[in-house]
2 protein chains.
Amino acid sequence: MKLKEFAKQLGLSPTTVSRALSGYPEVSEKTRKRVAEEAVRLGYRPNVNAVRLVTGRAGAIGVVMGRSGEFQFSEYMSGMAERLDSEDIDILVSPIAEQGGKDESQLYSRLATSGRVDAVIIHSPMPDDKRIALLHRLGMPFLVHGRSETDVPHAWLDIDNEGAIRRATSHLLDLGHRRIAMINGRAGLTFSLHRDKGYRKALEQRGIPFDPRLVAHGHFTDELGFRFARSFLEQSPRPTAFVAGSMMTALGVYRAVRSFGLVVGRDISVIAHDDVFPYLTADNMVPSLSTTRSSLRAAGARSADLVLQLLSGRPATEIHELWPVELILRESTGPLPQASE
Amino acid sequence: MKLKEFAKQLGLSPTTVSRALSGYPEVSEKTRKRVAEEAVRLGYRPNVNAVRLVTGRAGAIGVVMGRSGEFQFSEYMSGMAERLDSEDIDILVSPIAEQGGKDESQLYSRLATSGRVDAVIIHSPMPDDKRIALLHRLGMPFLVHGRSETDVPHAWLDIDNEGAIRRATSHLLDLGHRRIAMINGRAGLTFSLHRDKGYRKALEQRGIPFDPRLVAHGHFTDELGFRFARSFLEQSPRPTAFVAGSMMTALGVYRAVRSFGLVVGRDISVIAHDDVFPYLTADNMVPSLSTTRSSLRAAGARSADLVLQLLSGRPATEIHELWPVELILRESTGPLPQASE
DNA sequence: GCGGTCGTCCAAATCGTTTTAAATTTCCCA
DNA sequence: TGGGAAATTTAAAACGATTTGGACGACCGC
């Protein structure tokens with residue numbers, strides 16, 4: 001069913017019908033209502049591609065997915081989808097062609113010039129992320145999920161990684177721990193740097209020297225959690241507490257601790273960052289895991305919302321949101337055991 | 001840069017340029033080459049929306065994402081993305097409006113009539129899935145990831161869930177286990193039924209009666225894995241082996257076993273299905289987890305491939321792929337302990 | 001009853017391509 | 001050298017909507 005045909009059935013011109021459906025004021029309330037009703041009855045829906053061509057809008061938001069298929073991804077997308085459900089806007093997922101390098105910027109260029117999307121969301125930025133400058137230069141609206149230190153104006157939404165890790169570390173210090181190991185995210189990413197900063201600040205406040213041998217960087221996988229934790233535990237004196245970057249990391253840490261015949265929550269304290277997944281919950285771990293918590297799904301929903309604001313004209317420089325992170329104490333954290341002192 | 005402008009710069013007509021770029025035979029090799037080179041040099045790319053309007057093709061494949069944001073999702077999508085990287089085809093993610101019910105079919109209708117996608121992939125089908133009949137009726141090409149028993153012709157790609165679980169169960173029986181519990185997927189879904197069938201067949205072959213108290217259904221979460229496993233272990237006599245539906249489920253099972261003071265691989269054997277995630281590997285669990293294994297990423301890549309075949313005219317009735325599943329034995333499975341007999 | 005305003009509605013241009021149908025050029029052979 | 005087939009190229013008509021610039025009455029005040 002095309003507009004022309006539909007209009008004829010109504011005895012109206014295509015113009016009027018189009019306006020009625022788009023909510024323009026030049027059409028009487030009576031006919032608007034009639035048009036709306038008939039559209040439903042006859043099942044008329046404007047052809048998306050025609051609308052896109054003529055308006056120049058793509059009706060889609062692009063999300064670039066890393067090669068490694070992070071487990072966090074679907075949770076964030078669920079959130080976005082939740083928010084975009086009511087709008088007539090799609091989510092477009094683009095794979096990254098090659099890790100880092102030139103191909104990545106090519107992907108963004110193509111995304112921008114092809115007119116496939118109206119805006120892009122980028123993840124895991126670095127302090128001087130080249131993508132940000134690129135997208136700005138291309139004139140493509142974008143939101144950064146995370147933060148960067150570039151001068152290029154850009155909208156962003158981030159959680160307070162520094163504060164979260166600072167509080168987590170401080171809490172462990174309060175409990176008497178002095179050798180606290182941290183398994184951080186990939187080196188060079190802003191959030192990893194922020195977490196590092198939070199960790200150091202907490203130590204600094206107590207006048208405890210920073211020991212680089214207690215910090216590791218890498219993907220959030222159970223394997224790295226396990227390996228790093230083991231290598232930390234082999235040190236002497238060994239750490240008595242861990243700050244783990246993710247739930248998966250924490251799984252590895254738990255295993256590593258057990259493999260040394262130690263008990264989490266008694267011999268070794270663990271705090272991890274939790275993005276709140278329906279399929280893996282900190283409460284259910286044994287012992288239950290203390291976490292710094294922030295809903296990734298909520299971040300996804302809000303991201304979609306902010307992109308919509310961006311598209312409707314709100315200046316990117318106004319869009320900066322820093323979310324606080326909760327610290328949830330459970331059984332995996334406890335006072336420094338006497339013997340270890 | 002528009003086609004008209006670009007053509008003028010080349011001293012050719014838009015028609016010729018369009019044909020040269022689309023690889024039609026009516027243009028001489030010499031000009032084709034020149035056009036291609038200049039297109040790169042001047043950065044001309046056809047406007048996607050104009051192409052879509054005139055060709056009627058959307059240039060996108062739709063994937064419907066469940067509300068619950070399954071952790072498997074991004075791995076499958078990564079696979080799809082991998083395959084579609086070379087094509088000029090997008091992946092469109094649609095959230096499901098409401099769980100089940102009427103809204104779901106509305107979503108598919110809209111997806112089909114709006115011209116947003118050329119094909120759709122549906123997941124976790126049921127034996128008489130309404131979506132299949134609906135999409136068929138709407139004339140929208142689609143691929144079912146999983147299987148169904150409907151008469152409606154449809155393309156599908158599935159793994160041999162029945163065979164996998166049958167082999168897993170048989171292996172446990174070989175080891176002497178007699179009370180084997182199974183934590184299956186959500187009730188009513190085809191793959192759950194297939195797994196159930198595989199489980200029963202294995203028992204039947206040994207003449208062991210099926211005990212419904214040893215089977216549970218639900219989402220693949222660590223929480224359900226833990227709860228179900230605990231409730232099974234409370235039975236008397238308790239099961240000596242578990243078949244777990246997913247890696248997350250297995251995590252819960254491991255915890256439950258430990259919470260009873262039992263040891264996986266010695267007191268209790270566990271086999272789980274593994275979709276092969278980079279962030280959670282069976283090899284790294286302690287003890288390492290025996291699995292039925294099938295790469296979800298590969299399935300995603302192949303799905304994209306099959307959809308492309310579908311779109312280029314291959315009949316849906318020809319597209320049926322059943323993938324075998326590997327059985328990988330590791331430390332979590334062992335002979336029935338003497339004391340338990 | 002006339003000119004102006006307002007509220008509705010419409011004809012036609014437009015978006016940037018692909019593709020049909022026709023026009024041109026090239027080429028080969030009688 | 002001319003005729004016709006084959007190889008190139010082109011002009012113009014789609015595709016299905018939005019939107020610009022008017023047109024047509026109805027209504028009001030003077």
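Every chain is numbered from 1 and lettered A, B, ... according to where its sequence line falls, protein lines coming before strand lines.
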[X] side chain near [N] phosphate (N/O to OP1/OP2, under 4.0 Å):
X     : N      : value
B/T16 : D/dT9  : no
A/Y44 : D/dG16 : no
B/S18 : C/dT18 : yes

Mapping A/T55 and B/T15 onto DNA chain C by nearest heavy atom, which one lands closer to the 5' end? A/T55
Reading DNA chain C from 5' onward, which residue's closest nucleotide shows up sooner: B/L53 or B/Y24? B/L53
Is [X] touching bases, backbone alone, or none of the nucleic acid, heavy atoms closer than 4.0 Å?
X     : result
B/S28 : sugar-phosphate
A/R52 : nothing
A/F6  : nothing

Roughly how many Å is it from [atom1] in [X] to [atom2] in [N], rounded to a whole number?
X     : N      : atom1 : atom2 : result
B/K8  : C/dT17 : NZ    : P     : 14 Å
B/R34 : D/dT8  : CZ    : P     : 14 Å
A/N47 : D/dT18 : CG    : P     : 10 Å
B/L10 : D/dT8  : CG    : C1'   : 16 Å
A/R57 : C/dC15 : CZ    : C1'   : 13 Å
B/K4  : C/dG16 : NZ    : P     : 10 Å
B/K30 : D/dT9  : NZ    : C1'   : 13 Å
A/L21 : D/dA17 : CG    : P     : 10 Å

Can you confirm whether or not the ring centre of A/F142 sits under 6.0 Å from the ring centre of A/Y108? no
Find which nucleotide of DNA chain D each of B/L12 and B/A50 is nearest to by heavy atoms, and output the residue with the more 5' nucleotide. B/L12
I'd like to know if [X] pairs up with [Y] as an ion pair, taking the criterion as any Lys NZ or Arg NE/NH1/NH2 lying under 4.0 Å from an Asp or Glu carboxylate oxygen.
X     : Y     : answer
B/E29 : B/R32 : yes
A/E5  : A/K8  : no
B/D88 : B/R57 : no

Going from CG on A/D90 to CG on B/D90, what distance comes out if it is rounded to the nearest 0.5 angstrom? 10.0 Å
Pair of N/O donor and acceptor under 3.5 Å linking D/dT10 base with B/R19 side chain: yes
Which listed nucleotide (D/dA17, C/dG16, D/dT9) is nearest to the side chain of B/V54? C/dG16
